[in-house]
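Right, one structure below, let's go through it.
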Amino acid sequence: MSDDLETLKQDTLSALAAASDLRAWDEVRVATMGKSGRLTGLLKGLGRMSPEERRLRGGALNRLRDELSRVIAERGQELEAQALNARLAAERVDVTLPAAPQPEGTLHPITRTIEEMSAIFGAMGFRVAEGPDIETDWHNFAALNTPAHHPARTDQDTFYLPHEEGQEAERVLRTQTSGVQIRTMLSHEPPIRIIAPGRTYRADHDATHSPMFHQCEGLVIDRGITLGHLKGCLSDFLRAFFAQPDLPVRFRASYFPFTEPSMEVDIGWSRKTGQIGAGSDWLEVLGSGMVHPRVLANCGLDPREWQGFAFGMGVERLTMLRHGIPDLRSFYESDVRWLRHYGTSPLSPALLHEGL
């Protein structure tokens, strides 16, 4: 190695040994290997030499560059380790201090209500079934004994979608989750015991109605199912949901095209105070009935062998009754204060009532 290269090597090694921190180390690195560094300048001078001199001089410079690159990198790692150790020695964390408070999100009251419904009916042996929000006219109406001319379609013939190429069936945003019942009966052999919570759509918008809302429907199909099974199931659900074992429950005759006989279900309440289970008044909360034989036949089930009952309830309606919420529209206004007030912790269990 020539004298000038040996001098460069020793100068660099001495400067690295004297560097006490990463800043001083970086200055040595740049002064040697940077664009204007001493070694870089020597490499640039190779172009002015003859081929033989360039070969000898270039080989020596390349060897020196590899050696200095290795030494500089090793010294940098040493200084990084020293800086980290010094920082760890200087900094202390008081582990006895409480953690800094973090804002906690909450579950929307509709989500919580669906969780509680699923937990209560799950304890009765029901499973949760799901279906598409966009249904065919047949699944949403015709299979449920509601043909096009039926007057019951007046309030629900609303959000239709354009025909897709190659499809003849009309498509509609489902007005009820009853289509899930039809799909379940078509795809599963009885016995069947399901609930179908989900979004539904109708052309309503006021303090107690929304164009998009949630329903929870239920279906039981088996041999020997009677009206007594329906009444016992729904009475137990309502008393568990409102946490009142003695909640008055009344069944009264009504009409739905897909059930026969059909019944509205009322609970006791006070019209004056709005208190559930108190007073001498009645409040309608859901509809139910024995599955119509035509609906069973439409799904390929023999009504002489299989019987069942079905029910449906508005998730928002039950949530409003539980929490005393007067206006349905507040559910969808995304008011953080409202959500914090009525929301629940995602870590809390779905069954909040004692004894459930």
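As the structure is a computational prediction, the values presented were derived from the model and not from experiment.
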Next item on the list: Given salt bridge (charged side-chain N to carboxylate O under 4.0 Å, His left out), test Arg63 with Asp66 step by step and report yes or no.
Entry: CA-CA 5 Å; Arg63 289 190 293 273; Asp66 293 341; over 6 Å; no

Notebook entry, point to check: Between the main-chain N or O of Leu247 and the side-chain N or O of Arg239, is there a donor-acceptor pair closer than 3.5 Å?
Noted result: yes

Next item on the list: Mind running side-chain hydrogen bond (donor to acceptor under 3.5 Å, both in side chains) on Glu6 and Gln10 for me, showing each step along the way?
Entry: CA-CA 6 Å; Glu6 183 65 30; Gln10 295 303 323; 2.8 Å; yes

Next item on the list: Check whether any side-chain N or O of Thr177 sits under 3.5 Å from a backbone N or O of Val180 as a donor-acceptor pair, and report yes or no.
Entry: no

Next item on the list: Take Thr273 and Ser270 through the test side-chain hydrogen bond (donor to acceptor under 3.5 Å, both in side chains) and record every step on the way to the result.
Entry: CA-CA 5 Å; Thr273 64; Ser270 171; 3.1 Å; yes

Next item on the list: Start with the C-alpha gap between Ser330 and Asp335, add the side-chain angles, then the distance that decides, and say whether side-chain hydrogen bond (donor to acceptor under 3.5 Å, both in side chains) holds.
Entry: CA-CA 8 Å; Ser330 58; Asp335 187 330; over 6 Å; no

Check: Any donor-acceptor pair under 3.5 Å linking the side chain of Asn145 with the backbone of Val295?
Finding: no

Next item on the list: Decide whether Glu217 and Ser178 meet the rule of one side-chain donor and one side-chain acceptor closer than 3.5 Å.
Entry: yes

Next item on the list: Run the ring-centre check on Phe311 versus Phe256 and record whether the distance is less than 6.0 Å.
Entry: no

Note to self: As a quick check of understanding, evaluate side chain to side chain contact (heavy atoms under 4.5 Å, CB included) for Asp133 and Tyr201, giving each step before the final call.
What the structure shows: CA-CA 9 Å; Asp133 284 20; Tyr201 309 85; 2.7 Å; yes

Check: Does any N or O in the side chain of Thr111 come within less than 3.5 Å of the main-chain N or O of Leu107, such that one atom is a donor and the other an acceptor?
Finding: no

Next item on the list: Name all pairs fulfilling the salt bridge (charged side-chain N to carboxylate O under 4.0 Å, His left out) condition that reach into residues 221-233, sequence neighbours left out, sorted by first residue then second.
Entry: Arg223-Glu305

Check: Taking the inter-plane angle between the rings of Phe121 and Phe237 on a 0 to 90° scale, is it parallel (under 30°), tilted (30 to 60°) or perpendicular (over 60°)?
Finding: parallel

Next item on the list: Go through the steps to decide whether Met33 and Ile72 satisfy the test side chain to side chain contact (heavy atoms under 4.5 Å, CB included), and finish with yes or no.
Entry: CA-CA 10 Å; Met33 311 288 289; Ile72 290 173; 3.7 Å; yes

Note to self: Apply side chain to side chain contact (heavy atoms under 4.5 Å, CB included) to residues Ile276 and Arg322 and explain how you reach the verdict.
What the structure shows: CA-CA 8 Å; Ile276 301 295; Arg322 165 81 71 78; over 6 Å; no

Item checked: Derivation and outcome, salt bridge (charged side-chain N to carboxylate O under 4.0 Å, His left out), residues Glu104 and Arg340 -> CA-CA 9 Å; Glu104 183 183 70; Arg340 286 173 180 164; over 6 Å; no

Notebook entry, point to check: Arg75 versus Trp25: any side-chain heavy-atom pair under 4.5 Å?
Noted result: yes

Note to self: For Phe331, is there any backbone N or O sitting under 3.5 Å from a side-chain donor or acceptor partner on His108?
What the structure shows: yes

Checklist line | Side-chain donor or acceptor of Asp26 paired with backbone N/O of Leu22 under 3.5 Å | finding: no

Note to self: Walk me through whether Phe251 and Ser235 qualify under side chain to side chain contact (heavy atoms under 4.5 Å, CB included).
What the structure shows: CA-CA 10 Å; Phe251 294 80; Ser235 296; 3.6 Å; yes

Next item on the list: Examine distances only and state if a side-chain atom of Ser288 and a backbone atom of Met263 form a donor-acceptor pair shorter than 3.5 Å.
Entry: yes

Notebook entry, point to check: Going by heavy atoms in the side chains, are Val71 and Leu16 under 4.5 Å from each other?
Noted result: yes

Check: Between Arg23 and Asp21, is a salt bridge (charged side-chain N to carboxylate O under 4.0 Å, His left out) present by the stated rule, with each step listed?
Finding: CA-CA 5 Å; Arg23 182 175 181 180; Asp21 54 35; over 6 Å; no

Margin query: Taking Met320's backbone N and O only, do any of them form a donor-acceptor pair with His323's side chain (distance below 3.5 Å, no angle check)?
Written below: no

Checklist line | Under 3.5 Å donor-acceptor, Ser69 side chain and Arg65 backbone | finding: yes

Margin query: Can a side-chain donor-acceptor contact be found between Thr106 and Arg112 if the only test is distance below 3.5 angstrom?
Written below: no

Next item on the list: Spell out, as yes or no, whether a donor-acceptor pair under 3.5 Å connects the side chain of Gln307 to the backbone of Gly224.
Entry: yes

Note to self: Please determine whether the number of non-hydrogen atoms from other residues, nucleotides or ligands lying under 6.0 Å from atom CZ of Arg294 exceeds 12.
What the structure shows: no

Check: Step by step, would you call Arg70 with Glu74 a salt bridge (charged side-chain N to carboxylate O under 4.0 Å, His left out)?
Finding: CA-CA 6 Å; Arg70 177 182 57 79; Glu74 291 176 353; 3.6 Å; yes

Next item on the list: Looking only at non-hydrogen atoms, find the nearest pair between Leu238 and Leu286 and report the distance.
Entry: CD2-CD2, 4.1 Å

